[in-house]
Student: 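Let me give you the structure first, and then I'll get to my questions.
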Number of protein chains: 2
Amino acid sequence: MSAIRLVDDLAPSSASAEWIDSILKGDCVAAMERLPEKSVDVIFADPPYNLQLEGDLHRPDQSKVDAVDDAWDRFESFAAYDAFTRAWLLAARRVLKPSGTIWVIGSYHNIFRVGASLQDLGYWILNDVVWRKTNPMPNFRGRRFQNAHETMIWATRDQNAKGYTFNYDALKAANDDLQMRTDWLFPICTGGERLKDEAGAKVHPTQKPEALLARVLMASSRPGDVVLDPFFGSGTTGAVAKRLGRHFVGIEREQAYIDAATARIAAVEPLEAPELASMTGKRAEPRVAFVSLIESGMIAPGTLLSDARRRWTASVRADGTLAIGSEAGSIHRMGARVQGLDACNGWTFWHYEAGGKMQPIDDLRRQVRDGMVAAGA
Amino acid sequence: MSAIRLVDDLAPSSASAEWIDSILKGDCVAAMERLPEKSVDVIFADPPYNLQLEGDLHRPDQSKVDAVDDAWDRFESFAAYDAFTRAWLLAARRVLKPSGTIWVIGSYHNIFRVGASLQDLGYWILNDVVWRKTNPMPNFRGRRFQNAHETMIWATRDQNAKGYTFNYDALKAANDDLQMRTDWLFPICTGGERLKDEAGAKVHPTQKPEALLARVLMASSRPGDVVLDPFFGSGTTGAVAKRLGRHFVGIEREQAYIDAATARIAAVEPLEAPELASMTGKRAEPRVAFVSLIESGMIAPGTLLSDARRRWTASVRADGTLAIGSEAGSIHRMGARVQGLDACNGWTFWHYEAGGKMQPIDDLRRQVRDGMVAAGA
DNA sequence: TCCCCAGATGAATCTTGTA
DNA sequence: GTACAAGATTCATCTGGGG
């Protein structure tokens, strides 16, 4: 894991996986352009915040914006930052799988430009997430609020992207059975976690806490996924990815950071599979057709089903439909019909009587599923 | 206070103050262009968010969410929204005093475009401030994080603006002698504060809580200052300004909103004394997610937890769930499961071993919470 | 009068698989 | 690509009615 490669060592559009679990040395746009397209599940990017850029940004694109009165010099530097941002976001979009998602972290210095560029390039924002710092640096001059948070944007490749990973059920279970919100609280990276050089100076000025990356990756990736970080720095993304059983690809220009990250990642012990298993909800369960309850004899044709309060009753037919009077349809359609709604989950709406009590037919589905698991389906 | 005037009633660049403490009816750009330049101390703007909603959304109980589908929130494209944004920000900049500041509130739909436009026009961002909602609407489909905050940008007119108002000491005193941070916690506007029409329907779809405006104005204005709100809506800015002894100017296009705001503001009693600390103070009990103990390294994945009498044992997984055999769930669910109960407080039920003794994981929560309290969670 | 429970609701870019 | 159907999904708070 975590061999270092120069960007030039990669054959263009390489289909091999030699770049997996490694750090590519060089400019992130050039490096991403050499990776295969649609090859990465998640991108986590912590781009430079500094707007006083010293000419190492790339090719300004031709996007033209009306200049405003006396703001020309300032606009010049914003334009340079925007061009830089568009270039790397465009390259990132090419390597991202259609079902992949991207995270970008920033502060008020740059995050608005990043967010606007994301939208302009066709990315579709899913959430902005606030990292609230338990221990932010104080504001020394007392002329502003204490800058106590940073902002992350989470986005898909397109507005209509389907199938992106979001481990909703695990996040909810991990949060006292409440939905995970967009405001997260973590300490900044200090103490033993903070990488220091021999002189005791911090190796990287903006090392992110592993806890932050852990929540990002637990939320939006699965074991075995490939996580790309185009501004790898001290390698937090790689360290957490390895620990959580994800693959990583880092891109970094400075050898000192690469060296520090390489050593750091080498020392990481991956967690075992049982500890990595993530809770899934009903969405991940195999589909069960209602008719299979009839075919298996769990429900006999002619059985009467009711809602929990017995306001409506329907009769099961051998073809797996429900009949009420002369109307018939799926358990969902008929559940919606009787309630006058557009939609209804028939599995939880309809009940059968067992020992004088009303039980949802979803219980029977569970038995079928358990049987499927036992049969190794 | 709060007479209504049509924009055309104002003489161009009027030096008189007839527009003070009134609502101007009309388009905000046209209205601002008729106000004297450099005449306003603070601008608070709550522009349309450009939500881009498509279909209907239903709650799990099939009730329909009352979405913001008003015509004023619909734009053709990002370009159209940007043009709109630049136009009103430019007009706002003209009326703002050189020592004045502007606040703009938005969500991820629009705030990145607003922030970039602010920077492009020469405004200088002082802070971005997050309004964390105690009671946000849930995510009903379970495909994203619960959208639990909105973002405000606070900026001066220029990079080199001098003398803007920031009541550092008052804020610090109101915040238990800690610097006021950039993450603020307030409930959304409901209950008696929410304006309703005769039919009981909300007057305005996005009425902001007065507590939020109170902190904004207490932080960045002084008694007697003029506060401009170019998207006045239901008049929260005016009501709070009047109560806090500030002057207001509202601009609003729709007569229904003007009528509601006028009546509302007329009923406001200005405050004499600083009974305001209570409005800006802290709130709410911090909640700790079990997963944060794992993310922070206090509990390693794979750790075994037991009840106090060691009758049952469960394994901690990296996603923040507990596993017993093939079953997994939250600390509460699994505590209930093993005991055959409907509910269980996992924090007090589950224990970890430390020095041969069983300690409840609630002890770890206390440690995390102590760290959170400093952050004003 | 007070408690309890059912119902309503809030700036929302809110699904996925198969034909 | 599109159409259709299966089916998964909510938290804090306030209001109002009944006991």
Side-chain angles (χ1 to χ4, degrees), chain A residues 99 119 123-128 154-156 159-164 166 168-169 172 175-182 280-291 320 329-333 335-336 342-350 361-362 365, chain B residues 46-70 72-75 78 105-111 131 133-151 187-194 196 200-202 204-209 231 233 284 287:
Chain A
S99 64
Q119 292 178 313
Y123 287 100
W124 191 247
I125 298 179
L126 295 170
N127 284 117
D128 59 336
W154 182 43
T156 55
Q159 175 171 0
N160 300 314
K162 302 286 180 222
Y164 64 87
F166 179 57
Y168 174 80
D169 297 286
K172 184 174 172 180
N175 189 41
D176 273 26
D177 292 318
L178 294 173
Q179 296 188 330
M180 190 64 80
R181 301 167 37 117
T182 50
T280 57
K282 284 186 176 176
R283 278 193 180 92
E285 300 281 317
R287 283 210 176 186
V288 173
F290 178 66
V291 71
S330 73
I331 54 173
H332 313 294
R333 284 280 140 249
D342 287 337
C344 167
N345 185 338
W347 289 108
T348 50
F349 178 75
W350 294 110
I361 57 175
D362 208 26
R365 179 169 66 161
Chain B
D46 183 10
Y49 287 9
N50 188 24
L51 285 186
Q52 305 178 240
L53 303 176
E54 301 200 338
D56 289 340
L57 179 64
H58 293 87
R59 298 184 179 79
D61 65 5
Q62 300 301 326
S63 64
K64 184 165 172 256
V65 174
D66 183 19
V68 177
D69 53 2
D70 306 70
W72 49 255
D73 197 50
R74 286 197 286 272
F75 292 82
F78 283 133
I105 185 167
S107 65
Y108 67 85
H109 311 85
N110 71 322
I111 199 65
W131 168 29
K133 304 180 184 182
T134 57
N135 48 351
M137 192 185 297
N139 182 291
F140 294 117
R141 308 307 294 269
R143 295 296 292 142
R144 303 182 178 194
F145 298 98
Q146 182 185 23
N147 202 0
H149 75 277
E150 294 187 28
T151 301
I188 61 175
C189 182
T190 58
E193 188 185 326
R194 188 89 196 215
K196 304 276 174 62
K202 54 191 176 194
H204 194 279
T206 70
Q207 185 180 339
K208 295 293 177 287
F231 305 97
R287 188 195 310 280

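Letters go in sequence order (proteins before strands), and every chain restarts at 1. The structure displayed is predicted, hence computed values, not measured ones.
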Student: Sequence neighbours left out, what passes salt bridge (charged side-chain N to carboxylate O under 4.0 Å, His left out) with B:K196? Give chain and number order.
Tutor: none

Student: Walk along DNA chain C from 5' to 3' and tell me the first and last nucleotide with an atom closer than 4.0 Å to a non-hydrogen atom of chain A.
Tutor: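 On DNA chain C, the outermost contacted nucleotides are C:dT13 to C:dG17.
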
Student: Does NZ or CZ of B:R143 lie under 6.0 Å from the centre of the six-membered ring of A:Y164, at an angle within 45° of the ring axis?
Tutor: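 Satisfied, under 6.0 Å and within 45°.
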
Student: Where along nucleotides 1-9 of chain D does protein come under 4.0 Å, by heavy atom, of base (B) or sugar-phosphate alone (S), with - for untouched nucleotides?
Tutor: -----SBBB

Student: Given that A:Y164 and B:K196 both sit by DNA chain C, which one's nearest nucleotide is further toward the 5' end?
Tutor: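 That would be B:K196.
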
Student: Could you tell me the separation between the CD atom of B:Q52 and the CD1 atom of A:I125, rounded to the nearest 0.5 Å?
Tutor: 9.5 Å

Student: Identify whether the glycosidic angle of D:dT9 places it syn (within 90° of 0) or anti.
Tutor: anti

Student: For A:D342, does the CG atom sit with more than 12 other heavy atoms under 6.0 Å from it, leaving out its own atoms?
Tutor: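 No, the 6.0 Å shell around CG holds no more than 12 heavy atoms from other groups.
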
Student: Just to be sure I understand the rule, does B:L53 reach a base, reach only the sugar-phosphate, or reach nothing, if contact means heavy atoms closer than 4.0 Å?
Tutor: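 Base contact - B:L53 has a heavy atom under 4.0 Å of at least one base atom.
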
Student: With sequence neighbours excluded, tell me which residues meet side chain to side chain donor-acceptor pair (under 3.5 Å) with B:T206.
Tutor: B:H204

Student: In whole Å, I'd like the distance from the CG atom of A:D177 to the P atom of D:dC11.
Tutor: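 In whole Å, D:dC11 P lies 9 Å from A:D177 CG.
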
Student: How is B:T206 classified with respect to the nucleic acid when contacts are heavy atoms under 4.0 Å: base, sugar-phosphate, or nothing?
Tutor: base

Student: Taking NZ, NE, NH1 and NH2 as the nitrogens, is one of them in A:D362 or A:R365 under 4.0 Å from a carboxylate oxygen of the other?
Tutor: yes

Student: Would you check if there is a donor-acceptor pair between the side chains of A:S330 and A:H332 at a distance under 3.5 Å?
Tutor: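 No pair is found: no donor N or O on one side chain lies under 3.5 Å from an acceptor on the other.
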
Student: Need one value for B:D73: base, sugar-phosphate or nothing, where a base atom within 4.0 Å counts as base even if backbone is also close, heavy atoms only.
Tutor: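 The answer is base, as B:D73 lies within the cut-off (heavy atoms under 4.0 Å) of a base atom.
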
Student: Using the C1' atom as the point on both nucleotides, what is the distance between D:dT10 and C:dT9, in whole Å?
Tutor: 11 Å

Student: Regarding B:P47, tell me which of base, sugar-phosphate or nothing describes its non-hydrogen contacts under 4.0 Å with the strands shown.
Tutor: base

Student: Checking B:H149 against A:D128 for the side-chain contact (heavy atoms from CB on, under 4.5 Å) test, could you report, in this order, the C-alpha distance in whole Å, the side-chain angles of both residues, the deciding distance, and whether it holds?
Tutor: CA-CA 9 Å; B:H149 75 277; A:D128 59 336; 3.0 Å; yes

Student: Before you tell me yes or no, could you show the steps for B:F78 and B:N50 under side-chain contact (heavy atoms from CB on, under 4.5 Å), namely the whole-Å CA-CA distance, both residues' side-chain angles and the distance that decides it to 0.1 Å?
Tutor: CA-CA 9 Å; B:F78 283 133; B:N50 188 24; 4.2 Å; yes

Student: Give the intermediate values and the outcome of side-chain contact (heavy atoms from CB on, under 4.5 Å) for residues A:L126 and A:T156.
Tutor: CA-CA 7 Å; A:L126 295 170; A:T156 55; 3.5 Å; yes

Student: Using the P atoms only, state how far D:dG7 lies from C:dA19, rounded to an integer number of Å.
Tutor: 14 Å

Student: Which whole number of Å gives the distance between the C1' atom of D:dG16 and that of C:dT1?
Tutor: 16 Å

Student: My understanding is that only residues two or more places apart in sequence, or in another chain, count here; which of them pass side chain to side chain donor-acceptor pair (under 3.5 Å) with B:D56?
Tutor: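 So B:D56 forms no side chain to side chain donor-acceptor pair (under 3.5 Å) with any residue.
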
Student: Starting at the 5' end of DNA chain C, what dot-bracket string do you get if Watson-Crick and G-U pairs under 3.5 Å are bracketed, crossing pairs use [ ], other-strand pairs use | and unpaired bases use dots?
Tutor: .|||||||||....|||||

Student: Roughly how many Å apart are D:dT9 and C:dG17, using the P atom of each and rounding to a whole number?
Tutor: 14 Å

Student: Could you tell me if B:E54 and A:Q159 have a donor-acceptor pair between their side chains, going purely by distance under 3.5 Å?
Tutor: yes

Student: Between A:G163 and A:W124, which has a closest nucleotide on DNA chain C that is more 5'?
Tutor: A:W124

